[in-house]
Amino acid sequence: MTIGPILPGRLPSTMLSNRLKVSLNDNALELAKLQQQVSTGQKYSLASESPGAALRTIILQSTFERQQQYQSNINTSMSILAMSETSLSSVGDALNSAKAISLSGVGSTSSDAERVALADQIASLRTQVINAGNTTFRGQYLFSGSQTNVAPFEEGVNGLVVYHGDDHQIQTYINTQTLLPNNFDGISAFAASSPEFGSDIDPALTLQTRISDLNGGRGVKLGSISVTLDNGTPQTQTVSLSGVETIQDLKTVLENAFAGGPLTLTVDIDPASENGLRLTPSAGTVAVSNVAGSTLATDLGIASTAVAQVNGGDIDPGITLQTTLASLNGGTGIGTTAGNGLVINNGGQTFTVDLSAATTVEDVFNLIRTADPNLNLGFNDAGNGLAISSRVSGADFSIGENNGGTNAAGLGIATFSASTSLSELNYGRGVDVDTGKQLQIIRRDGTTINLDLSGTKNVQDVIDRINDFEDFDGTTPLADLNLGQGVPVGATTLDITRRDGSVVNVSLAGDATVQDVLDSINAVDPGNLVASIDPNTNAFLITDNSGTGPLSIASNAVSDALGLAVTEAGTDNSVPLQGNFVPIKLQVTLNTTGNGLTVYDASGTGPLEIPANEIAYSLGIDGIESGNDPLVGLVGEEPNPKESTGVISLLSRLENALRNSDDQEIGRIGGLLDTEIARLNRVRGDIGSRMSVLEEADNRLKDQEVKIQESISQDFDTDLTQILVEITQRQTAFEANLQVTSSALQLTLLSYL
């Protein structure tokens, strides 16, 4: 540390003066700088004083501020989860109380007045749960999903409660790469919707299908494939498909790769399956293979050795909002929509949805949402069907056909159909068909029949068992067919187009029995055109060995009444034309509108009655049709409604069961309460797990904060001990500098006069 330049020899006074002033200024500046470091606690006031240290400090300070934001996120999330746990603790208490009430309210030990009092307690518990569900934190609702400004639960009449939130959870960063949900929506916390319903509706592949929608919506990893056309001289192209977005794009790229010939390639949708690609060379063979490091040809279902035509495998196009209704069910669509549509029962209300204007899945969603806004609409996890559920707790939910259509089944959202398992009916309690109990029917002629349904597994089995009660054989009078409406045998002829293309017109005039009809047909070309009875169904079978073309019967009053207005389009003349079911006087069908079974009886003109027993009740067909028209059936009720089994729904149903003294329903709800208590405990356990993760993350951030502050301090903060020593040294040097200056310049008072 210099105290002034002492130069030997003889120096000009001006030079000596300048050097001394520079020295004084340097010491004064250094002293001022040290004093500033003491006062600010920082080594530098300008980044230029130490660019490296400044850059490191800026980075560390940015990291520190980001860590502080993570800690703020964690603290907020901890508060939200703690409040959620408090609310769900109240819900758990309500469930436990409801379970105790369900046990005390069942059986003959409780009077009607006592059950009403218990029902009032359940209503209070439901209010307690709804209030817990509508808890707010900092002005936002905890259980509304992402709709935090919307009260999630609204109570309506008859204990019905509608959930207005969504099924999304809000996620926050707790470190640079980790997002953690900090809330529970009403569906996950309260099970505030019915289970999602929707089956595979097999959307067909079209040229408009997006590549990203293949394989159930998982898409394929694009790249290149190798295609070889060979008609003696192989043509091989490595075709890049990296830029394609739709099947049309893929078709264009592959066909253009061979547009210069001599062999060309045609790519289209395989018409046989409607779910794969078909590659056809102009001549010779085609082979498709993966290139090294890629599985694209396999993923597209077209990897093949040399063949005359590649018929690709199912590449399972996923369903999207833009999927056309015509492409569903392998390209067969959903049936005629005009005059049909859907019937939705939800929350005690019935909505009829006209689908005649719909062409895409999005159109269907919009029409359903307009009719009933209290439904969740989306796609199933497999990506091949719709997923629909109700947000109404405490009520049944179902979707059925309207006016005898097939739209609900075509969309995979019919909650009841011929294929529905009996074990699903009656809220999952099933139908007790294998314990000797029978279905009793008091027919319109006053006779009583008892039907054994043992061994039946699904609704179609029940339909077949009832419909088979009356024998369809040669002795059956034609007048008894079609619920006693008979067959207009004199109206016209039975017009049969044989497999050789010839047409025969069979007159049934004068025929009185089923055997007469068989004899009339068999007399046309004995041994070659043969009519018989299907041993398993009320239907005719016709075989024809005249050729290998299609066998068909034109639709008219006679063929329709006999169930024979059908076609067997195959080329195997040993395969019979299978007629449709022909009802006699007792028939059961699916309801024309809505869900359930309709029972018809043409045995007389009295009332039709099915006494209430466990089987009839479970099938929804107990009751009386008191009219005298045999063409008017006893219309059953929906036997397979969907329901939410969450806490709010169970409390509403338990209240109603207590008020109605329905011991069977009280017992059912009691069992479901156990399941719901276990589910809620898992949710609360999940909250605890998330809070543990947040606590660990918070502790980790605090440790990192200390290290960051240490690093910042080393680069930027003042070491007071060192600075004080330097200040002392600078002061000593400054004083010595002054003394040297005074001595060298021999300053006196006169120097300033």
Side-chain angles (χ1 to χ4, degrees), residues 85-133 153 155 157-161 163 186-195 392-397 423-432 435 437 612-615 617-618 639-687:
E85 163 58 23
T86 300
S87 298
L88 294 183
S89 175
S90 172
V91 175
D93 293 340
L95 278 171
N96 289 325
S97 298
K99 177 61 179 178
I101 290 174
S102 72
L103 294 174
S104 63
V106 70
S108 59
T109 57
S110 298
S111 66
D112 290 344
E114 288 172 333
R115 288 186 174 184
V116 170
L118 293 175
D120 291 339
Q121 292 183 43
I122 293 296
S124 297
L125 291 175
R126 185 179 61 244
T127 300
Q128 174 183 327
V129 170
I130 292 172
N131 290 337
F153 296 104
E155 186 170 11
V157 297
N158 299 324
L160 303 185
V161 179
Y163 175 63
I187 293 176
S188 60
F190 291 78
S193 73
S194 63
V392 181
S393 293
D396 291 342
F397 163 61
S423 62
E424 296 179 33
L425 303 185
N426 198 19
Y427 301 108
R429 286 178 291 196
V431 184
D432 192 8
T435 57
K437 298 175 182 178
N613 63 17
E614 188 172 345
I615 291 181
Y617 174 82
S618 298
N640 191 38
K642 305 302 177 183
E643 64 173 346
S644 162
T645 55
V647 52
I648 297 175
S649 184
L650 295 181
L651 292 176
S652 294
R653 289 187 179 275
L654 180 57
E655 178 192 356
N656 291 332
L658 287 167
R659 296 193 190 281
N660 297 328
S661 297
D662 187 343
D663 283 344
Q664 188 178 31
E665 180 71 352
I666 293 172
R668 183 180 80 90
I669 298 302
L672 292 175
L673 284 170
D674 290 332
T675 303
E676 178 63 4
I677 289 170
R679 188 200 65 81
L680 184 66
N681 287 337
R682 289 194 296 272
V683 173
R684 295 176 66 183
D686 195 3
I687 290 178

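A 4.5 Å side-chain heavy-atom check between Lys437 and Asn613 finds every atom pair outside the cut-off. Residues Arg126 and Ser652 have side chains in contact (heavy-atom distance under 4.5 Å, counting atoms from C-beta outward). Looking only at side-chain heavy atoms (C-beta outward), Asn426 and Val431 stay at 4.5 Å or farther from each other. The closest side-chain heavy-atom distance from Leu680 to Val647 is not below 4.5 Å. Inter-residue side-chain proximity for Ile122 and Arg653 is flagged as unmet; no heavy-atom pair is nearer than 4.5 Å. Side-chain contact between Arg659 and Val116: present, with at least one pair of heavy atoms (C-beta onward) separated by less than 4.5 Å. Contact annotation: the side chain of Ser661 approaches that of Asp112 to within less than 4.5 Å [non-hydrogen atoms, C-beta and beyond]. Put simply, the side chain of Thr645 does not reach to within 4.5 Å of the side chain of Thr675, judged on heavy atoms.
Across all their heavy atoms, Lys99 and Gly671 have their closest contact at NZ-N, 4.3 Å. When all heavy atoms are compared, the tightest approach of Ala189 to Leu88 is CB-CD2, 4.4 Å. Scanning all heavy atoms of the two residues, the minimum distance from Ala132 to Phe190 falls at C-CZ, 4.4 Å. Taking each heavy atom of Pro641 and Pro639 in turn, the nearest pair found is CD-C, 3.4 Å. Heavy-atom minimum distance, Leu651 versus Ala98: CD2-CB, 3.5 Å. The heavy-atom pair separating Ser193 from Ile187 by the smallest distance is OG-CG2, 3.7 Å.
Not one N or O on the side chain of Lys642 forms a donor-acceptor pair closer than 3.5 Å with the backbone of Asp396. Under the 3.5 Å distance criterion, the side-chain polar atoms of Gln128 are matched with a main-chain donor or acceptor of Ser90. Looking only at distances, a side-chain donor or acceptor of Ser649 sits under 3.5 Å from a matching main-chain atom of Gly394. A distance-only check finds no donor-acceptor pair linking the side chain of Asp686 to the backbone of Arg682 [under 3.5 Å]. In terms of modelled atom types and a separation under 3.5 Å, the side chain of Ser618 and the main chain of Glu614 share a donor-acceptor contact.
How far OG1 of Thr86 is from CD1 of Ile687: 9.0 Å, rounded to the nearest 0.5 Å. Atoms OG1 and CD1, from Thr435 and Ile615 in turn, are 6.5 Å apart once rounded to the nearest 0.5 Å. Once rounded to the nearest 0.5 Å, the distance linking CG of Asn96 with CD1 of Ile677 reads 4.5 Å. Atom CG of Leu95 is separated from atom CG of Leu650 by 7.5 Å, given to the nearest 0.5 angstrom. Atom OG of residue Ser102 and atom CG of residue Asp674 lie 7.5 Å apart, to the nearest 0.5 angstrom. Within the model, atoms CD of Glu665 and CG of Leu654 stand 8.5 Å from one another, a figure rounded to the nearest 0.5 Å.
By the side-chain contact (heavy atoms from CB on, under 4.5 Å) test, Ser423 pairs with Ser421, sequence neighbours left out. Partners of Ser97 according to the side-chain contact (heavy atoms from CB on, under 4.5 Å) rule, which considers only residues two or more places apart in sequence or in another chain, are Leu125.
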Evaluate Thr127 against Glu155 for side chain to side chain contact (heavy atoms under 4.5 Å, CB included), listing each step before the verdict. CA-CA 9 Å; Thr127 300; Glu155 186 170 11; 4.3 Å; yes
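Between Arg668 and Glu643, at least one side-chain nitrogen of the basic residue sits less than 4.0 Å from a carboxylate oxygen of the acidic one, meeting the salt-bridge criterion. A salt bridge links Asp663 with Arg115; the closest basic N to acidic carboxylate O contact falls under 4.0 Å.
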